[in-house]
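Structure first, commentary second.
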Amino acid sequence: MDVLTCLGIESTADNLGVGIASSDGRILANEITTHVPEEGGIHPREAARHHADVVGDTISRALATAGITSRDLDFIAFAQGPGLGPCLRTGATAARALSSYLKVPLVGVNHCVAHIEIGRLTEDAVDPLTLYVSGGNTIVTGYEAGRYRVFGETLDIAVGNCLDVFARAAELPYPGGPAVEELALKGEKLIPLPYVVKGMDLSYSGLLTAAMGELRKAEHSLEDICFSLQETAYGMLGEVTERALAHTGKGELLLTGGVGANKRLRSMISLIAEEHGAAAKFVPIRYATDNGAMIAWTGVVAYMSGVRTPVESSFIDSRWRLDEVEVPWRS
Amino acid sequence: MEELILIAKGAEADLLLDPDWNGVKALIKRRGEKRYRHPELDREIRRQRTIHEASIIHRAKGAGVPTPVIYQVDPDDATIVMEFVEGERVRDIVECLPGEERRRLFKVIGVMAGRLHRASIIHGDLTTSNIINTAEGPVFVDFGLGEVSSETEKRGVDLNLMHRMLTSTHFRHTEELFAAFEKGYRESLGEEAEEALERMEEISRRGRYIERE
């Protein structure tokens, strides 16, 4: 069978990513352009405008890196959700245009599924329990009977969002997560902060409020607040992950998403995996952050198992849940 | 001293049987250390949860719901020593009970669930594995995920878990068992039962819990 080539567009939040993957499991390109807001967090409309401005160039760059032309593409994949509406629409519009211009099929991909699939590819994971942590998502998931089941998730804001907002309030440089991590290394005193695990789910809004309160009170050093914030936030993740690992008995534990770059979180995941006889696997940052390669690769596996998204049903779904997606390539 | 026997090893706690705890058979629930967590934070969490669980078990008794007798609570060791309830898990006997008895049991379970909710107690893991059938009737155990709340949403989640259990594990009798449960639940909770049951329906329709074919 011929090797097929897919171009994937990711645009769920502040990253506009274009990746190219082939059906023999190679990533040929992974170009990312990030929208950095002048102040505050991501403004969906501003980010969408940025994506619209750079999408053409980023596609050209990806094709050049892969050493192919648009005529070599067999189909186009795009992130159909979940994410910020205006951003998703920009990526979807570009994908539809490419697909109709090149007269090749379109494949809508779930962003969360893509994070798992690229990790399975790059880390050689067969059937992992996955902890996916980023600015927009906090999910513990594993495959079970046709779908990626959600064992635990945040009830309010994502863990990365909690860290980002805190970092901005503390006037730390962008991006917030690494800045908090660096300061936390110098902290040693544990300040009591709300540790909220409800069954298998987590809540970060109370932790954020309390950490901001500590910032205002200024009774403790910023290093100690960062340290306590990390210990609490990641301790919660560890607990839910461990429970899901014990429950499912899976042999691999995959950490992905931007927050997965954090060394403290990685050490917790290693410990948990070790205690349960599972292999800890960390997705490298270029594939763990929002990127186009994961969309392209997931487009490939979906396409190979017959998934197509006709233009008339290619509407974006900003609230498309991970556990609503059929994953026929796993059964 | 006789050896402690490990009965169950959970992600959260270990259950040990002490055949001779000061002359009685006792169940010891111990929340073990979590190496991945900061030691101070870990100690505090295990401490709080131990106290919390013991107090909920106690509160349930006050509401008229049989729960194990607590012999000793040691927050620093995150340990609860309690009565070893002799009987069989409802989960294991449902299929063997005659129809009439089966329905009677589930009506009583419904009454008890209503009493818990009436006393602002959420069980948190309301399944047939956590109810022991004894000579004196059902005893509710494992309040490890319990909380004090009278929110309709939380009551709905409790009910939804029981309903899912009846649908998945006890699928031969789902409808008659839930009907009996519902009858008892309505009896003890009164008007608020309707709201909780409606919420249960709504929760079961949400994407998270739904099994779309």
Side-chain angles (χ1 to χ4, degrees), chain A residues 139 144-147 149-153 155 184 187-201 227-228 230-249 264-276 319-326, chain B residues 8-15 31-49 52-53 56 78 122-127 129-130 142-149 151 153-158 160-162 164 168 203-213:
Chain A
I139 294 176
E144 211 85 54
R147 284 166 199 231
R149 307 285 163 173
V150 175
F151 296 112
E153 63 187 328
L155 296 165
E188 42 195 30
K189 199 167 131 228
L190 190 79
I191 308 159
L193 293 171
Y195 178 102
V196 189
V197 172
K198 299 184 174 189
M200 293 289 278
D201 293 329
F227 173 70
S228 309
Q230 276 207 158
E231 287 302 319
T232 311
Y234 298 153
M236 289 160 60
L237 286 177
E239 178 173 350
V240 173
T241 304
E242 185 188 25
R243 240 187 250 161
L245 192 62
H247 172 75
T248 58
R264 177 66 178 120
L265 179 58
R266 285 188 175 200
S267 80
M268 286 190 188
I269 292 300
S270 298
L271 269 176
I272 292 166
E274 187 190 310
E275 267 176 29
H276 290 265
R319 294 182 177 275
W320 193 14
R321 285 188 58 90
L322 167 64
D323 51 8
E324 286 173 5
V325 187
E326 305 271 2
Chain B
K9 199 168 167 52
E12 166 103 12
D14 291 339
L15 290 181
R31 293 180 152 81
E33 286 167 23
K34 299 291 179 197
R35 279 201 298 149
Y36 59 85
R37 231 163 16 201
H38 186 286
E40 232 173 283
L41 175 65
D42 184 50
R43 207 176 314 124
E44 192 49 33
I45 289 163
R46 291 186 294 126
R47 195 187 142 77
Q48 278 175 12
R49 289 191 182 162
H52 181 73
E53 182 174 358
I56 286 194
I122 301 301
H123 185 283
D125 196 11
L126 193 62
T127 66
S129 300
N130 288 330
D142 196 0
F143 286 76
L145 293 173
E147 58 180 315
V148 175
S149 166
E151 278 174 46
E153 173 74 15
K154 287 176 180 163
R155 289 177 174 173
V157 171
D158 253 3
N160 185 50
L161 196 56
M162 176 57 79
R164 265 162 71 198
S168 58
I203 290 166
S204 73
R205 282 194 304 267
R206 289 181 199 160
R208 169 77 189 267
Y209 302 103
I210 211 160
E211 296 284 331
R212 290 180 202 151
E213 288 312 318

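Numbers restart at 1 for each chain; the letters A, B, ... are given by sequence-line order, proteins then strands. Hydrogens, waters and symmetry mates are skipped; everything else that's a heavy atom, side chains included, is used.
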- Query: At what distance, to the nearest 0.5 angstrom, does CD of Glu40(B) lie from CD of Glu231(A)?
  - Reply: 10.0 Å
- Turns out that what part of Leu190(A) lies under 4.5 Å from chain B's heavy atoms comes down to both
- Item | Residue Glu274(A) versus chain B: region with a heavy atom under 4.5 Å | side chain
- Message: Any salt bridge linking Arg49(B) with Glu239(A)? Criterion: basic side-chain nitrogen under 4.0 Å from a carboxylate oxygen.
- Response: yes
- Closest approach of Tyr36(B) and Leu271(A), non-hydrogen atoms and distance? CA-CD1, 3.6 Å
- Query: How far apart are the closest heavy atoms of Glu242(A) and Lys34(B), and which atoms are they?
  - Reply: OE1-NZ, 3.1 Å
- Query: At a heavy-atom separation under 4.5 Å, does Leu41(B) approach chain A through its side chain, its backbone, both, or neither?
  - Reply: both
- Task: I would like to know whether Tyr195(A) and Arg37(B) meet side chain to side chain contact (heavy atoms under 4.5 Å, CB included); could you show each step before the answer?
- Result: CA-CA 12 Å; Tyr195(A) 178 102; Arg37(B) 231 163 16 201; 2.6 Å; yes
- Message: Can you tell me which portion of Glu275(A) sits under 4.5 Å from chain B's heavy atoms? Options are side chain, backbone, both or neither.
- Response: side chain
- Query: Residues two or more places apart in sequence or in another chain: which of them pass salt bridge (charged side-chain N to carboxylate O under 4.0 Å, His left out) with Arg31(B)?
  - Reply: Glu12(B), Glu53(B)
- Enclosure of His247(A) NE2 (heavy-atom neighbours >12, cutoff 6.0 Å): no
- Task: Please name all residues satisfying ring-ring contact (aromatic ring centres under 6.0 Å, His included) with Phe143(B), sequence neighbours left out, ordered by chain then number.
- Result: His123(B)
- Give the minimum heavy-atom separation between Arg243(A) and Ala11(B), together with the two atoms involved. CG-CB, 3.5 Å
